[in-house]
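Read through the structure below, which is laid out as C-alpha cells, and then see the notes.
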Amino acid sequence: KRARKKLKQMDQEVEKFKRTAEKAKETLKEHEKNNEEKEKQIVHLKRKIDEESEKFMKQAKEMKTMKEQMEQYKTDAVEGKEMLEKQKEILEQEIEKIKRKSETFWIPTAYEDTNVTYQPPVNMKMKMYKRFRDENKNWYSPSFYTHEGGYKMCIRVRPHGQDEGEGQCVSLYVHLMKGEYDEVLPWPFQGAVKIQLLNQEANHHHYTRIFTFDKEITDSNATKKVLSGTPIQSGIASDVGHGSSRFIYHKDLKYNNVDDTEYLKDDTIIIRVSDVAIYSSSIITKTPEWYSQQKDEPVATLKLSEFSKHRKVEDEWHSKSFYSHEKGYTFMLIVYANGKGDKEGKSVSVYVHLKQGEHDDKLIFPFRGDVCVQLLNQLDDTNHVQKIIPFSKETDEDGTTGGRVVGTKRYNEDGLGFRNFIPHEDLAYNKNRNTQYLDEDGDTLLFRIPWIKVSSM
C-alpha cells in the first residue's frame with residue numbers, strides 16, 4: 001500500500017515534469033522562432049547597412065571626383081586667365097608695334113586749338129618755311145604734354161639757324177612750358193624727347209634725334225619749372241630750350257634720289273614728337289624701347305667742356321670724383337684730348353685712376369674689379385663708344401694702380417685705360433651711323449660710367 005502510494009506520487013511527479021518539459025519546449029520553440037525573426041532582421045539590417053555603406057562610398061567617391069574636377073577647373077581657370085593676360089599683353093605689344101610701323105597708322109597733327117590736348121606721338125607742320133628762314137625768325141609749334149597729367153612742352157625751330165648753325169643749318173630746340181600740372185610734378189625735369197623730321201617722300205629714313213634732359217649736363221634754365229618766359233599762342237614757353245643749333249644741314253633737306261628722302265616739300269617741314277621717356281624723381285611712365293636708360297641710375301655722367309682748347313694745349317682733363325657704390329672706392333677719369341703716347345695727335349686717350357677716399361679705411365686694397373666707361377653719342381641713345389677697364393692681377397700685377405692712395409697724393413699717378421679710346425676723325429657727325437660724339441655747339445664730350453663691378457670686397 002505504501003509502495004503504491006509512493007509510485008503514485010512518482011507518477012504525479014513525472015507528469016508534472018512532462019508538463020514542465022512541454023512548456024519549456026514550447027517556450028524554446030517560441031524563442032527559436034523569435035531568434036529566427038531577429039536573425040532575419042539582423043541580416044536585413046546588415047544588408048541595408050551594406051547597401052547604404054556602398055551608396056555612401058559611391059557618393060564620397062563621386063564627391064572626391066567632383067572636388068578634384070573643381071580644383072582642376074579652378075587651376076585651369078587661373079592658368080587660362082594668366083595665359084589670356086599674357087596673350088593680351090603680347091597682342092597689345094604687337095598692335096603697338098604694327099601701329100607705329102604701319103604706313104596707314106594715323107598720327108594726329110597738332111593745331112593751335114586750345115580745346116585739344118596733344119600727347120606723343122604727334123606731328124607738327126611748319127608751313128611757310130622759306131619766309132621764316134628769310135626773315136630769320138623763330139617758329140613755335142603747338143603745345144603738347146609728355147603724358148596725361150605731365151609736363152607741357154613745345155618745339156622751337158629757327159630755319160636760318162642760330163649760333164654755330166647760323167646760315168647753314170636748321171636749329172631745333174625743345175622748350176618746357178608753363179603747364180596745368182606743374183605744382184604736382186617733380187623738378188627739374190629729367191628725361192629724353194625723341195624728335196623725327198619726317199621724310200615726305202616715303203615712310204622711311206625719317207631724320208631722328210634724341211634730346212636728353214639731364215640735371216648734370218643740361219642748362220638748368222631748360223629743365224626748371226617755367227614761371228615766366230616767352231608768350232606764344234599756346235601759352236608761356238621757357239626762354240631757354242634744349243636741342244641743337246645744327247639739327248640738320250640745309251643741303252640735307254632737299255630731295256636725295258639715293259636715299260629717296262625729301263624733308264622740305266611744298267615749303268613745309270613736318271616734325272614728329274615720337275615719344276618722351278621720363279625719369280624725373282617719383283614719375284613712372286612706360287619706358288620706350290628706343291630709350292636704353294638703365295633701371296638703376298648710372299654711377300656718373302661727366303662733361304668735358306672746351307675740348308678744342310684741351311686738345312690744342314695738349315693738357316690732361318681731370319673729371320670730378322665718382323664712387324663704385326655707397327661708401328665705396330673713389331675714382332676719376334683723366335682724359336688726354338690730343339691723345340697719349342703713340343696715339344698723340346690721332347685719338348682721345350681715356351684712363352681711370354683711383355683716388356684717395358673717405359672710406360678707404362674700411363675697404364680692401366688693391367682694388368679689383370671692372371669699370372665701364374662710355375663716350376656718349378649726342379645724337380641718339382645708341383652707338384655709344386664703350387670700353388670695360390679691368391683692374392686685375394693681369395693688368396695690375398704689383399697692385400700699385402689699384403693700391404690705396406696715401407700721404408699727400410690725391411690720386412694714383414698710374415691709371416688703366418685706352419690710348420685709342422676713339423680716333424679724332426670719329427668724333428664728328430657721321431650721317432650713315434647717325435653719330436656725333438663731339439657736340440660742336442658746346443665743344444663738349446660726355447662720358448658716362450654706367451656701372452662698376454667690385455670683386456675685392
Side-chain angles (χ1 to χ4, degrees), residues 217 298-322 324 329-356 365-379 382-405 409-440 442-453 455-456:
I217 58 177
V299 174
T301 304
L302 311 166
K303 182 178 181 180
L304 190 165
S305 303
E306 299 182 320
F307 173 81
S308 300
K309 178 182 174 182
H310 287 290
R311 182 178 177 185
K312 186 176 181 180
V313 300
E314 298 185 1
D315 68 354
E316 56 187 52
W317 173 80
H318 293 202
S319 77
K320 66 180 182 180
S321 300
F322 56 90
S324 60
Y329 298 89
T330 309
F331 300 91
M332 72 173 182
L333 288 187
I334 294 184
V335 178
Y336 300 84
N338 197 45
K340 185 179 180 182
D342 61 342
K343 297 300 177 183
E344 186 174 341
K346 301 175 183 178
S347 300
V348 176
S349 304
V350 179
Y351 292 83
V352 176
H353 289 253
L354 209 66
K355 289 188 71 176
Q356 195 171 115
F365 289 92
F367 165 74
R368 291 291 180 251
D370 299 318
V371 181
C372 182
V373 181
Q374 293 178 334
L375 176 62
L376 301 188
N377 173 15
Q378 300 194 49
L379 295 186
T382 57
N383 293 321
H384 304 310
V385 177
Q386 177 171 296
K387 308 280 188 182
I388 297 174
I389 300 170
F391 283 72
S392 63
K393 194 171 182 180
E394 289 72 24
T395 59
D396 179 26
E397 189 174 354
D398 58 2
T400 56
T401 306
R404 181 176 178 178
V405 183
K409 293 195 302 181
R410 290 176 47 247
Y411 62 92
N412 280 338
E413 292 182 2
D414 293 329
L416 292 173
F418 294 86
R419 291 180 183 178
N420 187 29
F421 194 89
I422 183 171
H424 290 145
E425 61 193 35
D426 292 343
L427 293 172
Y429 172 62
N430 184 313
K431 183 180 178 181
N432 294 329
R433 299 186 71 236
N434 192 33
T435 58
Q436 184 171 336
Y437 301 102
L438 175 63
D439 177 14
E440 297 175 358
D443 196 24
T444 58
L445 296 180
L446 293 179
F447 291 94
R448 182 165 64 196
I449 313 297
W451 53 264
I452 298 176
K453 177 184 176 184
S455 54
S456 53

Next item on the list: Please step through side-chain contact (heavy atoms from CB on, under 4.5 Å) for the pair E344 and N338, ending with a clear verdict.
Entry: CA-CA 6 Å; E344 186 174 341; N338 197 45; 4.0 Å; yes

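- Once rounded to the nearest 0.5 Å, the distance linking CD1 of I449 with SG of C372 reads 7.5 Å.
- Separation of atoms CZ (F307) and CG (D439) is listed at 12.5 Å; rounding is to 0.5 Å.
- The nearest pair of heavy atoms linking R433 to N430 is N-OD1, 3.0 Å.
- Of all heavy-atom pairs between G345 and R311, the closest is O-NH2, 4.2 Å.
- Between F322 and F331, the ring planes are parallel. Angles under 30° get that label, and only those over 60° would be called perpendicular.
- In this structure the side chain of L445 reaches within 4.5 angstrom of the side chain of L427, judged on heavy atoms.
- At least one donor-acceptor pair under 3.5 Å links the side chain of N377 to the backbone N or O of N434.
- The backbone N or O of G339 lies less than 3.5 Å from no partner atom in the side chain of S349, so there is not a single donor-acceptor pair.
- Distance CD/E306 to NZ/K312: 12.5 Å, rounded to 0.5 Å.
- The shortest side-chain heavy-atom distance between L438 and T444 does not fall under the 4.5 Å cut-off.
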Next item on the list: Go through I389 and T395 one step at a time and tell me if the side-chain contact (heavy atoms from CB on, under 4.5 Å) criterion holds.
Entry: CA-CA 9 Å; I389 300 170; T395 59; over 6 Å; no

Note to self: side-chain contact (heavy atoms from CB on, under 4.5 Å), that's the test. Do W451 and I388 meet it? Break it down for me.
What the structure shows: CA-CA 10 Å; W451 53 264; I388 297 174; 3.8 Å; yes

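- When all heavy atoms of F391 and V352 are compared, the closest pair comes out as CZ-O, 3.8 Å.
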Notebook entry, point to check: Between R368 and D396, is a salt bridge (Lys or Arg N to Asp or Glu O under 4.0 Å) present by the stated rule, with each step listed?
Noted result: CA-CA 9 Å; R368 291 291 180 251; D396 179 26; 3.2 Å; yes

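- The line from CZ of F367 to OG of S392 is 10.5 Å long, rounded to the nearest 0.5 Å.
- Applying the side-chain contact (heavy atoms from CB on, under 4.5 Å) rule to K387 yields the partners V385, F418, F421; only residues at least two apart in sequence or on another chain are considered.
- At least one side-chain heavy atom of Q374 sits under 4.5 Å from a side-chain heavy atom of L376.
- The backbone N or O of Y411 lies less than 3.5 Å from no partner atom in the side chain of Q356, so there is not a single donor-acceptor pair.
- Not a single donor-acceptor pair under 3.5 Å links the side chain of H318 to the backbone N or O of I334.
- Judged purely by atom type and a 3.5 angstrom limit, H384 has no side-chain atom pairing as donor or acceptor with the backbone of Y437.
- Counting heavy atoms from C-beta on, the side chains of E316 and Y351 never come closer than 4.5 Å.
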Margin query: As a quick check of understanding, evaluate side-chain contact (heavy atoms from CB on, under 4.5 Å) for T400 and N412, giving each step before the final call.
Written below: CA-CA 8 Å; T400 56; N412 280 338; over 6 Å; no

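- Side-chain contact between R419 and S347 is absent, with no heavy-atom pair separated by less than 4.5 Å.
- Looking only at side-chain heavy atoms (C-beta outward), L354 and T330 stay at 4.5 Å or farther from each other.
- Residues meeting the side chain to side chain donor-acceptor pair (under 3.5 Å) test with H353, sequence neighbours left out: none.
- Listed here is the closest heavy atom pair of P366 and G399: CB-O, 3.6 Å.
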Next item on the list: Start with the C-alpha distance between S321 and K355, add both sets of side-chain angles, then the distance that settles side chain to side chain donor-acceptor pair (under 3.5 Å), and finish with yes or no.
Entry: CA-CA 8 Å; S321 300; K355 289 188 71 176; 2.8 Å; yes

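- Between the side chain of S319 and the backbone N or O of L302, no donor-acceptor pair lies under 3.5 Å.
- H310 contributes atom NE2, which lies 7.5 Å from atom OG of S305 (distance to the nearest 0.5 angstrom).
- Side chain of N383 to backbone of T435: no donor-acceptor contact under 3.5 angstrom is found.
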